[in-house]
Structures are given as structure tokens and as C-alpha cells.
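Hydrogens, waters and symmetry mates are skipped; everything else that's a heavy atom, side chains included, is used.
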Amino acid sequence: MSKKRAGKRGLTSRGEDFSAWYNEVVQQAELADYSPVRGSMVIRPWGYGIWENMQRALDDMFKASGHQNAYFPLLIPMSFIEREKEHIEGFKPELAVVTHAGGKDLEEPYVVRPTSETIIYSMYAKWVQSYRDLPLLLNQWANVMRWELRTRLFLRTAEFLWQEGHTAHATEAEAEEEARLILGIYRRFMEDWMAMPPLTGLKSPSETFAGADRSYACEALMQDGKALQAGTSHMLGQNFSRQFGLTFQSEEGREEYAWNTSWGVSTRLVGGLVMTHGDDVGVVVPPKLAPTQVIVVPIARTDEQAAAVMQKADAIVERLRDGGVRAAADGRRHLSPGAKFFEWERKGVPLRVEIGPRDVERGQVVLVRRVAPEGEKRKEFLAEDRALKEVPARLKALQAQLLDAARDRRENMTHRGEVSSIDELGEILDAGAGFVYSGWSGDAAVEDRVKEATKATIRVIPGEEFRSDAAPSRCAGGGRAAMEAVWARAY
RNA sequence: CGGGGCGUGGCGCAGCUCGGUAGCGCGCCUGCUUUGGGAGCAGGAGGUCGCCGGUUCGAAUCCGGCCGCCCCGACCA
């Protein structure tokens with residue numbers, strides 16, 4: 001058996017069954033595991049470490065743009081959720097409700113938050129009196145629960161971790177600017193940190209967040225050609241303000257409803273990372289997010305050699321750490337070097353340093369990249385000093401290499417140009433396209449027909465920087481195009 | 001929620017057709033030898049066969065019910 005070997009050594013290849021590959025790689029790289037709770041996963045240290053690095057980067061960006069963190073309750077009174085009509089319509093099917101506590105039925109049930117707009121804006125209503133209290137720019141890191149029918153590790157779980165930002169502004173223009181600012185932050189984060197370049201733009205009305213006026217989204221293209229909604233930023237208008245009495249007195253002395261935005265990214269990003277960079281060996285973690293960037297593997301025959309080599313390995317780790325590199329030595333004696341190589345490659349550690357007795361003698365190390373650019377060897381024998389000095393540059397180069405590869409793939413899997421029928425759209429998708437640009441009349445019936453016929457949906461009405469040079473004139477569903485849309489089959 | 005599949009040591013599976021009290025690989029433990037791409041040998045631990053009931057002298061195996069998980073379809077960060 002070449003593909004599915006005995007035991008848990010081999011991975012199903014991506015080409016054979018992408019979905020099986022994903023499930024296996026997430027577990028075998030020890031990112032996450034299934035839990036005893038239906039639809040809920042355990043995020044293991046390696047996966048959580050990646051999430052922590054994501055959190056840190058995003059949190060810094062939020063803070064740098066004037067946001068502060070706060071924390072609101074997990075349980076939300078049922079009546080709050082029900083207040084905004086569209087909102088409750090959207091979330092009702094996936095609510096988990098607490099009806100019983102302290103041995104008694106509750107007078108009013110609580111829902112386990114699926115998102116926190118209602119409870120947050122109810123509090124904002126209390127805190128905001130004057131235009132001087134605005135803008136109010138808060139974020140919370142939290143868990144939420146949505147009772148999904150079909151779950152997948154990281155991509156769709158009943159409980160997931162995320163951040164949700166909630167802001168209140170005095171004017172529509174300011175709220176709109178905030179929603180777009182965050183969209184830009186998400187995009188920058190995905191490109192600079194995840195090396196996962198998304199398309200950004202507006203959601204069609206049918207895909208707009210329940211309770212929002214407009215939703216903006218980052219859509220990333222996975223290796224199998226399916227799109228992943230990786231982050232959303234919503235312009236909520238005054239919908240929640242009106243329901244929760246979030247008013248303020250304007251400069252002119254009038255009482256006005258505040259304008260809100262909300263925005264979030266979740267642990268789904270970890271799944272996106274896996275499906276963007278992973279290969280048939282395992283996960284590939286971009287250096288900037290890797291919990292361990294360099295793994296040092298000592299190689300020794302005898303106990304004396306082991307002691308000497310381990311000492312050298314520890315010294316290398318220390319030097320790398322002094323240089324700001326996240327490095328660790330794998331000193332386990334019961335595993336062969338080869339076993340360790342496979343394990344760390346499966347987990348996606350960007351760089352490996354091998355150090356054996358011969359290397360110690362010669363003052364050299366073996367530097368190995370998780371993935372090398374086309375035509376370059378992964379393994380290099382370098383003088384120790386040179387190798388260690390080289391590490392930061394190698395990490396940086398790998399980060400850039402991953403982004404380039406992901407962007408090239410996205411472009412190669414993107415189809416542009418006029419699409420004059422739904423059948424044609426389906427053919428383009430079936431021929432291997434991921435994102436398909438077309439004109440769109442703006443008619444929701446076209447979306448329905450396309451979905452029925454091709455399973456694709458409008459992922460985004462592209463923002464300016466993602467539009468085609470020549471605007472399409474025809475709608476894929478017939479008639480004239482009012483705008484350009486990007487279609488894809490999605491997760 | 002509809003269709004399909006699967007529940008047997010930690011993991012992956014065989015055994016079920018044709019009932020007779022459980023086996024293989026990996027992993028784990030101990031010892032020795034090993035270690036430059038998934039080490040070898042020897043010894044060892046570990047299983048109410050998803051749950052409940054029925055048939056039978058006897059059930060992993062046959063029958064009924066239930067539960068759970070995975071995959072495919074309708075909704076979603």
C-alpha cells in the first residue's frame with residue numbers, strides 16, 4: 001500500500017481525497033482531536049499555540065487602531081436575542097438554550113451566546129449618553145456556540161473561539177469607515193501572518209449577516225478550489241441601536257441612534273491555514289505563526305556522543321532564542337532521528353537543525369527547510385555560525401515563499417471574463433476553477449438558480465482592488481450586469 | 001433532518017456468512033543492543049466486543065430496540 005499505509009504513518013494524499021486528508025492531518029499534526037461532546041473539539045497545544053500567535057498579532061492590530069478588550073457574559077437572556085427580528089431569524093435554528101439551573105426551571109431561558117451583539121449593545125445603551133462617549137470601540141475574545149448539524153474540526157464546530165469587535169459611532173460614515181478599516185486589518189493579517197491572501201469585498205444580501213445592513217468579508221481560496229469565509233466585518237446600521245435604545249445626544253442637542261459595526265474571525269482560521277499550505281507530508285505553518293520555528297534534532301550513537309551533541313543542541317537553541325527565534329531541542333532518546341524528522345514535518349515546523357557527532361567535530365550543522373523553493377534542495381550543510389545567522393532570513397524567505405505560492409495558486413484558479421450563462425458558469429467550475437468572476441444583475445433569483453445548478457454562491461462582490469480591469473457587461477443569469485460578482489463553491 | 005457506512009485493548013482492523021467465550025498490525029511497559037529519514041530482539045501489560053433486551057445449554061457472531069460517530073445532501077465564523 002503506497003497511500004494508506006498500516007497504522008497511522010501515512011496520510012491520505014490531497015489529490016486522492018482532500019477532505020479525508022484534512023481530517024487526518026489535523027489529528028496527526030496534533031492540532032485538534034474529537035471530544036466527547038458532539039460537534040465540539042479539543043484544541044491541542046500545537047493548534048492552540050498557532051491560535052495564540054494569531055490572537056497576539058490581531059490583538060496588537062486592534063489595539064493599535066484604538067480598540068480595547070472587554071468581556072461580556074456567556075449567557076444571554078432569550079428576550080435579548082429575540083429583540084432584533086432579522087437577527088433571531090438567522091440564529092434561531094442553531095441556538096443552545098439553558099432552561100434549567102440551580103435545580104429549578106429558569107423564569108427566562110438563557111441562550112449560550114452564538115454572538116454577542118444583543119447583550120453588548122444593551123450595555124452600550126447604558127454607557128453612551130453623549131456624542132462625547134463615541135466612538136466606543138470594544139473587542140472581546142470569547143467562545144461561542146452554534147448548534148451546527150454538520151461539523152468539521154476547526155472549520156465548523158458547535159463551540160468555537162473567536163474575537164468579536166463591537167463598535168458604536170455617531171455617524172453612518174464613521175461606522176462604514178470602521179467596518180472597512182477592520183476588513184483591511186483582517187486582510188493584512190491574513191496576508192502578512194497567515195500567508196493566505198484573501199479576496200475582500202461586500203457580501204450579497206442573501207449572505208449578509210442576520211441583523212446587518214451590509215457585510216464585508218475576506219474569502220480565501222483553499223487548495224481544493226473551495227472558498228473559505230475567513231473573516232467578516234458588518235455595518236449594522238442602526239438596527240440594534242433602535243432595538244436596545246442605544247441613543248446619544250448630538251452636538252446639536254438632538255437625540256440620535258448610534259451606528260454600529262461588528263466583526264470577527266475565529267479558530268476557523270487555523271483550518272484555513274492547514275488547507276492553504278498543507279502538503280502530503282503534513283501541515284506547513286508559516287514562520288510568523290509557528291509555535292516552534294526551529295526544531296533542533298540531536299543525533300547520537302553512544303551515551304557520550306548524546307551528551308556532547310545534546311549540549312551543543314541546547315547551546316544552539318539558546319543562541320536562537322537570544323536572537324528572538326522560537327526554537328526548541330528534541331532530546332527524546334527513545335525515538336530515532338528519522339522518527340523525529342517525520343513528526344516535526346507533519347506538524348509543519350518551518351526549519352530543522354540536525355546536529356550529530358560529525359557536525360560537532362566540524363563545527364557545522366544541517367539546516368533543513370520544511371519546504372524549499374522550486375529547484376532548491378531542502379537540506380544544506382553549513383558552518384554553525386553561518387547557519388544560525390541565516391535562520392531569521394530563512395524564516396522570512398519562507399514566509400514570503402508561502403504567500404507567493406498561495407497567491408499564484410489563487411490567480412491560477414481564478415477565472416475572469418464574461419460568463420453568459422449559468423451552464424457556462426458550471427462548466428468553468430467543473431473545469432477546476434475556484435473563484436469565477438462574472439457580471440451580476442443584483443437579482444437574488446440568479447443566486448438561487450446558480451446555487452441550484454452549480455452549488456456555487458456569490459462569495460463576494462469584489463472591492464475596488466479586486467475588480468476586473470474591464471467591468472463585465474452581462475449577468476451570468478441573463479440580462480445586463482449591474483456589478484461584478486465572484487462565485488465559488490464554499491466551505 | 002433525509003441517504004449511506006461504521007461501532008471489537010490507546011489507534012487501525014480481522015473474526016460475524018455457518019454461535020462454543022477473542023486475534024493481528026501499530027502504539028505502550030521492562031531489558032539489552034541501537035540512533036545521519038518512521039530501529040531490532042526478547043519478555044510483558046492492556047478488551048463488560050457501543051448500550052438494553054430477546055433466542056439459546058452457550059452470543060462479538062442470530063433477532064428487536066436504542067445510542068454514538070463518520071461520509072454524502074438542505075443551513076452557517
Side-chain angles (χ1 to χ4, degrees), chain A residues 1 4-11 17 19-20 22-24 27-28 33-39 89-95 113-115 142-164 186 203 206-210 215 217-220 228-234 262-272 281-282 297-303 305-306 309-310 330-346 352-360 364-366 368 378-379 381 448 451-452 455 457 490-491:
Chain A
M1 299 286 285
K4 281 189 185 175
R5 272 137 295 191
K8 55 178 209 174
R9 292 225 171 138
L11 277 175
D17 185 344
S19 175
Y22 177 81
N23 289 334
E24 290 171 21
Q27 287 182 85
Q28 291 189 24
D33 202 355
Y34 295 103
S35 80
V37 183
R38 195 207 76 106
E89 283 306 309
F91 281 105
K92 197 152 202 171
E94 43 190 27
L95 293 181
R113 65 177 161 226
T115 179
N143 56 338
V144 288
M145 175 159 281
R146 298 178 186 178
W147 210 257
E148 301 288 351
L149 299 176
R150 270 186 72 191
T151 59
R152 298 198 65 193
L153 296 172
F154 288 111
L155 301 176
R156 180 169 300 109
T157 47
E159 180 185 356
F160 58 90
L161 304 183
W162 75 345
Q163 58 72 215
E164 48 179 325
Y186 285 162
K203 282 289 182 182
S206 70
E207 297 264 332
T208 296
F209 177 73
S215 290
C218 293
E219 293 281 332
L228 183 74
Q229 180 169 303
T232 49
S233 180
H234 313 292
S262 69
W263 27 275
V265 295
S266 72
T267 38
R268 169 180 275 189
L269 290 177
V270 178
V281 173
V297 178
I299 296 155
R301 206 172 293 262
T302 63
D303 284 341
Q305 283 177 341
V309 162
M310 199 58 215
D330 186 349
R332 291 174 295 178
R333 288 283 276 146
H334 64 284
L335 290 181
S336 70
K340 294 176 186 176
F341 298 164
F342 278 100
E343 179 175 329
W344 292 110
E345 285 176 6
R346 197 165 57 218
R352 176 173 76 236
V353 169
E354 303 174 11
I355 176 91
R358 294 205 293 274
D359 301 313
V360 175
Q364 71 167 27
V365 300
V366 184
V368 188
R378 290 179 53 219
K379 273 197 190 201
F381 298 79
D448 291 343
K451 187 166 187 184
E452 176 74 23
K455 300 196 198 321
T457 51
Y491 275 96

Using a heavy-atom cut-off of 4.0 Å across all strands, would you classify A:Tyr34 as base, sugar-phosphate, or nothing?
sugar-phosphate

Roughly how many Å is it from CD in A:Glu24 to P in B:rC71, rounded to a whole number?
11 Å

Just to be sure I understand the rule, does A:Glu164 reach a base, reach only the sugar-phosphate, or reach nothing, if contact means heavy atoms closer than 4.0 Å?
nothing

Contact between A:Lys379 and A:Arg352 at the side-chain level, heavy atoms closer than 4.5 Å - yes or no?
yes

If we take the C1' atom in both B:rC51 and B:rU34, what is their distance in whole Å?
47 Å

For a quick test of reading the model, state the closest non-hydrogen atom pair linking A:Trp162 to A:Val265 and the distance between them.
CB-O, 3.1 Å

Counting only Watson-Crick or G-U wobble pairs whose two distances fall under 3.5 Å, which nucleotide matches B:rA45?
none

Spacing between A:Leu269 atom CG and B:rA77 atom P, to the nearest angstrom:
13 Å

Counting only heavy atoms not in A:Arg301 (residues, nucleotides, ligands), do more than 12 fall under 6.0 Å from its CZ?
no

Say we look at B:rC76 and B:rC24: how far apart would their C1' atoms be, to the nearest angstrom?
43 Å

Can you check the A:Tyr491 OH to B:rC75 P distance for me, whole Å?
18 Å

Using atom CG of A:Asp17 as one end and atom P of B:rG5 as the other, report the distance to the nearest whole Å.
18 Å

Side chain of A:Ala339 only, heavy atoms from C-beta on: which candidate in B:rC76, B:rG38, B:rC72 is closest?
B:rG38

Dump the pairs, protein N or O against N or O of nucleotides 28-35 of chain B, anything under 3.5 Å, distances to one decimal.
| unit_1 | atom_1 | unit_2 | atom_2 | d |
| --- | --- | --- | --- | --- |
| B:rU35 | OP1 | A:Arg301 | NH1 | 2.2 |
| B:rU35 | OP2 | A:Arg301 | NH1 | 3.3 |
| B:rU35 | O2' | A:Ala300 | O | 3.2 |
| B:rU35 | N1 | A:Ala300 | O | 3.1 |
| B:rU35 | N3 | A:Arg333 | NH1 | 3.1 |
| B:rU35 | O4 | A:Arg301 | O | 3.2 |
| B:rU35 | O4 | A:Arg333 | NH1 | 2.6 |
| B:rU35 | O4 | A:Arg333 | NH2 | 2.8 |

Only pairs with both distances under 3.5 Å count, Watson-Crick or wobble alike; so what is the partner of B:rA60 in this structure?
none

Is A:Lys379 side chain donor-acceptor paired with the B:rG37 base, going by distance under 3.5 Å alone?
yes

Find out whether A:Arg113 and A:Asn143 are in side-chain contact, i.e. whether some heavy atom of one side chain is under 4.5 Å from a heavy atom of the other.
yes

Name the nucleic acid region contacted by A:Gly264, choosing base, sugar-phosphate or nothing; use a 4.0 angstrom heavy-atom cut-off, strictly under.
nothing

May I have the step-by-step check of side chain to side chain contact (heavy atoms under 4.5 Å, CB included) for A:Asn23 and A:Tyr34, ending in yes or no?
CA-CA 10 Å; A:Asn23 289 334; A:Tyr34 295 103; 4.1 Å; yes

Pick the P atom in B:rG9 and in B:rA14, then give their distance to the nearest Å.
13 Å

Gap in Å between the two P atoms, one belonging to B:rC6 and one to B:rU61, rounded:
16 Å

Looking only at B:rA77, B:rG36, B:rG37, the nucleotide nearest the A:Asp359 side chain is B:rG36

As a test of reading the structure: which of B:rG38, B:rG36, B:rA77 is closest to the side chain of A:Phe160, going by heavy atoms?
B:rA77

Distance, P atom - from B:rC11 to B:rC67, rounded to whole angstrom
23 Å

Is it the case that the base of B:rG37 and the side chain of A:Glu345 share a donor-acceptor contact (distance under 3.5 Å, atom types as modelled)?
yes

For B:rU17, give its Watson-Crick or G-U wobble partner with both distances under 3.5 Å, or none.
none

Taking B:rC76, B:rG36, B:rG73 as options, the one with an atom nearest any side-chain atom of A:Lys455 is B:rG73

Could you check whether A:Val265 gets within reach of a base, just the sugar-phosphate, or nothing at all, counting any heavy atom under 4.0 Å?
nothing

Between B:rC11 (C1') and A:Gln27 (CD): distance, integer Å:
10 Å

Paired to B:rC26 by Watson-Crick or G-U wobble criteria (both distances under 3.5 Å) is B:rG10

When the C1' atoms of B:rG46 and B:rG23 are considered, how many whole Å apart are they?
14 Å

Could you go through A:Phe341 and A:Glu354, starting from their C-alpha distance and side-chain angles, then the distance that decides it, and tell me whether this counts as side chain to side chain contact (heavy atoms under 4.5 Å, CB included)?
CA-CA 9 Å; A:Phe341 298 164; A:Glu354 303 174 11; 3.4 Å; yes

For atom CG of A:Asn23 and atom C1' of B:rC72, their distance in whole Å:
14 Å

Mind checking if A:Arg332 touches a base, just sugar-phosphate, or nothing, with heavy atoms under 4.0 Å?
nothing

Spacing of the C1' atoms in B:rG50 and B:rU33 (rounded, Å)
43 Å

Expressed as a whole number of angstroms, how long is the span from A:Tyr186:OH to B:rA77:C1'?
10 Å

Under 5.5 Å between ring centres and under 30° between planes: true for A:Phe342 and the base of B:rG38?
yes

Non-hydrogen atoms of A:Pro298 and A:Val309 that approach each other most closely
CB-CG1, 3.3 Å

For B:rG38, which nucleotide in any strand shown is its Watson-Crick or wobble partner with both distances under 3.5 Å?
none

5'-most contact on RNA chain B: A:Arg152 or A:Glu159, nearest heavy atom basis?
A:Arg152

Rounding to a whole Å, what distance do you find between A:Lys451:NZ and B:rA74:P?
7 Å

Are the charged groups of A:Glu24 and A:Arg346 less than 4.0 angstrom apart, N to O?
no

Give one of base, sugar-phosphate or nothing for A:Thr157, where a contact means two heavy atoms less than 4.0 Å apart.
base

Tell me whether A:Asp303 is salt-bridged to A:Arg333, with the criterion being a basic N under 4.0 Å from an acidic carboxylate O.
yes

Which is it for A:Gln27 and A:Leu153 under the side chain to side chain contact (heavy atoms under 4.5 Å, CB included) test, yes or no, and what are the steps along the way?
CA-CA 9 Å; A:Gln27 287 182 85; A:Leu153 296 172; 4.0 Å; yes

Suppose we define a pair by two distances each less than 3.5 Å, Watson-Crick or G-U wobble; what does B:rC69 pair with here?
B:rG5

Taking only the P atom of each, what is the distance from B:rG7 to B:rG43 in whole angstrom?
32 Å

